[in-house]
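From a predicted model like this one, the values you see are computed outputs, not experimental measurements.
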Amino acid sequence: MLIPATLRERWSGFAGAFVALCLGSAITSMSALAYASADPQVPARLAGAPVLVRAPVAVRADGDFTPDRPWSPETVISLAGRLAAVPGVAAAVPDHVFYAQPVIGGRPIGDGRGHAWSAAALAPYPLTSGRAPRARRGGGARPCARGPGRGRG
């Protein structure tokens with residue numbers, strides 16, 4: 001009898017405590033979510049590499065989202081050679097990124113970035129069928145060659 005009488009007389013205090021408890025719980029949950037999402041994740045295609053080296057990221061205080069400038073090919077070759085010479089390093093594999101926009105059913109898919117075959121060594125995915133690509137004399141694929149995801153050439 002005492003509890004219902006107290007709730008009847010002091011319901012605003014009970015409602016205020018309930019609202020404060022809900023807000024505190026929401027703030028704690030959102031803080032934990034922000035903390036967990038701020039943890040940097042390695043992309044799955046690089047999960048097989050024990051160490052990653054990337055171009056320096058410019059810190060922009062003004063909110064500019066200009067992409068970072070990649071290293072020049074000469075710098076990449078030089079750095080890969082120096083890293084490969086370090087004792088205990090099995091291999092230094094550069095990841096050459098290029099524009100590749102697959103089109104399926106007339107609609108572009110993916111992020112438009114392709115990676116060189118040599119970067120497959122960085123991923124934990126095995127080759128399940130077929131073979132690794134071989135270089136042709138004189139370079140890569142023929143211009144306008146037909147293949148999966150290519151337009152009419």
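For the side-chain contact (heavy atoms from CB on, under 4.5 Å) test, residues two or more places apart in sequence or in another chain that qualify with Leu46 are Val42, Pro43, Leu52, Asp95, Leu122. Listed by chain and residue number, nothing satisfies the side-chain contact (heavy atoms from CB on, under 4.5 Å) test with Thr28 (two or more places apart in sequence, or in another chain). Partners of Ala116 under the side-chain contact (heavy atoms from CB on, under 4.5 Å) rule, at least two apart in sequence or in another chain, are His96, Ser118. Among residues two or more places apart in sequence or in another chain, the side-chain contact (heavy atoms from CB on, under 4.5 Å) test is passed with Ala17 by none. Arg10 pairs by the side chain to side chain donor-acceptor pair (under 3.5 Å) definition with nothing, not counting sequence neighbours. In this view, Arg113 and Asp111 satisfy the salt bridge (Lys or Arg N to Asp or Glu O under 4.0 Å) rule, not counting sequence neighbours.
With a 4.5 Å cut-off between side-chain heavy atoms of Ile, Leu, Val, Met, Phe, Trp and Tyr, the cluster of Leu23 takes in Val19. The hydrophobic cluster containing Val89 also includes Val86, under a criterion of side-chain heavy atoms closer than 4.5 Å among ILVMFWY residues, counted directly or through chains of members.
A distance-only check finds a donor-acceptor pair linking the side chain of Ser29 to the backbone of Ser25 [under 3.5 Å]. With hydrogens and angles ignored, the 3.5 Å screen pairs a side-chain donor or acceptor of Ser37 with a backbone N or O of Leu33.
Pairing each heavy atom of Ala84 with each of Ala92, the nearest pair is N-CB, 3.9 Å. Across every non-hydrogen atom of Gly110 and Gln101, the tightest pair is O-NE2, 4.0 Å.
Leu79 and Val93 are not part of a single hydrophobic cluster, where members link through side-chain heavy atoms under 4.5 Å apart. Linking Ile, Leu, Val, Met, Phe, Trp and Tyr residues whenever their side-chain heavy atoms come within less than 4.5 Å places Val76 and Val53 in a single cluster.
For Phe98, the CZ atom is densely surrounded, since the number of other residues' heavy atoms within 6.0 Å is greater than 12.
Atom OG of residue Ser78 and atom CG of residue Leu83 lie 9.0 Å apart, to the nearest 0.5 angstrom.
Pairs passing the salt bridge (Lys or Arg N to Asp or Glu O under 4.0 Å) check and including a residue from residues 11-31, sequence neighbours excluded, do not occur. Sorted pairs that involve residues 99-109 and meet salt bridge (Lys or Arg N to Asp or Glu O under 4.0 Å), not counting sequence neighbours, are lacking altogether.
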